[in-house]
Amino acid sequence: MGHKSWLGLILLLFTTLATGGGVLADGETPAARDPKQPVDEAYTAKIRKYTTAPYFSSPLVDYLPASKTVPTPEVVLGDVAGAPGILPYAEEVYKYMRLLEKATPRVKVVSIGTTEEGREMIAVAISSEANLKNLEQNRQHLAKLADPRTIHLDDAEADKLVSESVPVYYITGTIHSPETGAPTALMELAYRLAVDESPYVSEIRDGVITLITPVVEVDGRDRMVDLYKWHLAHPKDFYPPLIYWGKYVAHDNNRDAMGMTLKLTQNVLNTYLGWNAQVLHDLHESVPYLYDNTVGDGPYNAWVDPILVDEWQMIGARNVADMTSFGMPGVFTHGDFDTWSPGYLMFLAAMHNGISRLYETFGNGGADTRERTLQAEEYARTWYRPNPPFPKVLWSQRNNNNYEETGLLTSLHYFNENKRLFLRNFYLKGKRSIQKPSAEGPAAYVLPADDPRASVQADLLRVMLKQHVEISRSTTAFQVALPVKKEKKSAKPADPEEKPKPAAPTSRDFPSGSYVIRMDQPYSRVADALLDYQYWSPEDPQTTPYDDTAWTLGELFGVQVTRVTDSKVLSVPMERVTELHSFGGVKGEGALFAIDNHAEPALASLRYRLKDATIDAAEEPFQSGDRKFSRGTFLIRGVSRSDLDSATKTLGLQAVALATAPSIKTHLVRAPRIAYVHTWISTQSEGWWRLAFDNLQIPYDYMSTQALAKIPDLNAKYDVILFPPVTGEASAISIVRGTPNSWGNPLPWLNTPETPNLVGKNDSTPDMRPGLGWDGLAKLQTFVRNGGVLLTATDTSQFAVALGLVNGVAASTSEKMKIVGSIVGTRLVDAASPIAYGYDEKVSAYCDNGPIFSVTSIIGARRRHLGPEMKTRPTGRGTKDDPDFVIGRPASAIPEEPENELWEAPQPTDDQRFNNPRVIPPADRARVILRYADSKDLLIAGLVESGNDIAQHPAVLDVPSGAGHVVLFSINPVYRGETENTYSLVLNTLLNFDSLNVGRKDADQK
Ligand SMILES: [Zn+2]
């Protein structure tokens, strides 16, 4: 439809509304402009011009009210919000918001922190002048509702506060940088909320404080605007994909609400809780045209209050109804997004007694107006989408802005109309969180004072503090009763020979100083959700989990967390902890200091920090006086006591001076020179590794596969090449080849006048397309042959296997198996390997479908059997245990077949060995460090379906290759700031790079 022909239709729509269309209940205010307020005619004409069809607009946004004093977004943008070709930088958005603040007492702008690259984040409050004047008193009222303990859980007092308080509705835009529409929509929304005198908008302004963070991922926004400008300057060329968003991660910046590792997550949560907001509404773009996906689909997160589920349904349903009544197609709220994982930014609200909401609107990844063709499932009419999007449509950024603003205005209006209910629910959800111990439980989580991994325990507690969870510390030792697990009665009669199982303990003692996370606090919900276990049934009707199915932080950090249901724990004497006390340091006097190894990542930090100290690793456990030290214990010389004391206090490590050196074998622990490699395909998964390394202050040279390939002698510069995962999609060949460059133009990732923000503190290239290349691959191989260590994980391990960087390892996948971001059990196979230092026999790990490793002792060998495998004796003479015979000849001795476990390489038979150059010498065979647990022990949390396919297979392999090693991970050991338990498998590899063969049983066999 042409642009001109629909002006008439708009009028028709108005008439419909004026004659009582829509979904208004008695006394509700219609969505219509104030006829007495003049319209900004020029601006309005452009809105209409840039909207591609009348039904992509609404009576709320198809005009702009005029103001004599308040500037419209046009003063900064040079055009209207959503105009083609216009994408403002964050700074321009802020400039406009601050102009608004200057022009009207209805707008207030606050700084809420900075990003990793030092850019500012802001929040803009819009409300009536009276409300903004009264902010502090209102905040105090809301704070009491947020923490019902302050009013002694008195419902009458709460009702009074509910009737006196103005609620806060917090909107966040553009966390996902290629989803570009929100900043301009939010600029215009701020203007409307400040200026529009229609009853519909005035009521919102008078009744609600709208809080807006127009750009959440500020670093990524500025890069995205750069790219868009490059695209405008080179309209016929392909433009580079947005490879970096924030400094560390891309799309996963919306998966940080558990680990709280990114500044944007911390800043948004602090703002949300600081303002005691009721709603956090996060704006995204992918699905046509507006999918309010909070209602989504099951399974819902088990820890959200049913009150919240009702609120989602209420707001979602009304939102769809309002927009449908405006005649806007493609608005729906059910869909295929499950609301299980609490990792999304919006879920900060769901986990802190608020209302989480998320919009997917339709965006073009920039401000071009484009013809868009949808997939069949996107335009199909379904029960929950009776008015679906069109199969083909001309779509503009203005359309997107119309949908976002209309959705938000109707939401705000509905929220205001029902704010007493929502405020009362806000209080009620807080009250129910406080009542958790006497309702569903538990009473508390306890982290014992004597956890050997004190520094990791501290890191987990710091995550809780960032979540605003209250932590206490007991001032005495105490005991709690443990719940008694009911034994399943066996249908079979009891076997008299079977020994009775030892009785499970009925109580547990905790030492003084243990940490207690009480559940009688307003934010018990988030602590419970993060510390409890998750179970996703393989029978769940939802067959495609949207994200991880498990996140039990005690398991992923490898620290002891006890779920205590015994409410006596709440009366243990304890003190609030607002900051973790410093611990660690040096005990005793002497020139040799020992730090026991419990696989704490801080050990690696210490090695780099004490550059001049000599550090040895104990290759065996030992005892000194009455103290026992485990394998891998650091033995430190050549550092002053005071330097060591300050370093270990900062890192939370305990050093002990030894009177005499233990008489055991040791080897030097050296700080390797690390080449840290990324592709130009994706930097997301490796970004989480980079973040972990930066937090641990471990230095590395960050380089692309292209740059690696250009280094003439890798061994001269580096000891270890770290190649973290790319993404699930990167094939071995794509890592080598990159993006095809036989056609098209170079894709530069460089700072230029058009793109001043692209590089930031990351990497650059004149052309993103080339990959590692075959020369680069050869260099990697030479590096390892000459003694270097290459460390890979998940898809980069598949790359190393597929391209022959290792011998005797196969990596496969399983069609049936579903381990979707789950926590699985693994078992130490070779505790003598330095990679295993500090670990116990059982290690919980994050796994996302493997790959499935198998090791062989013959190159190219497959475990293949012709005919059925013979596990028992064949049919013949005698009893089951007797040998068979052959008539007419003496019995022949049956050669003993070497038994092997599934994770081991089968020993070649004499026959296989004969004249076979493909038999790998024992010292060159893969060494299995860690394997997946047996099938029955595989699932720790989340979803494990057909786990048998990976059960017992190797999880971490150390494969000798020439003079060097390739260390392959099937698990992802470093992930989203949540998996500190497995960090040291990587760090141990680094610190023992030149001693990996230590403890190898077959190292000397040839
Ligand atoms: Zn998104």
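Counting convention: from 1, in listed order, for ligands and their atoms alike. Residues: numbered from 1 along the sequence shown. Bear in mind that the values here come from a model prediction, so they are computed numbers and not experimental data.
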Can you confirm if the aromatic rings of [Y] and [X] lie within a centre distance of less than 6.0 Å?
{"X": "Tyr291", "Y": "Phe362", "result": "no"}
{"X": "Phe56", "Y": "Trp395", "result": "yes"}
{"X": "Phe422", "Y": "Phe415", "result": "yes"}
{"X": "Trp551", "Y": "Trp340", "result": "yes"}
{"X": "Phe332", "Y": "Trp383", "result": "no"}

*asked:* Classify the ring geometry of His281 against Tyr169: parallel below 30°, tilted from 30° to 60°, perpendicular beyond 60°.
replied: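 His281 and Tyr169: tilted rings.
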*So how many protein N, O or S atoms does the Zn ion (ligand 1) have within less than 2.8 Å?*
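Counting protein N, O and S atoms closer than 2.8 Å to the Zn ion (ligand 1) gives 4.
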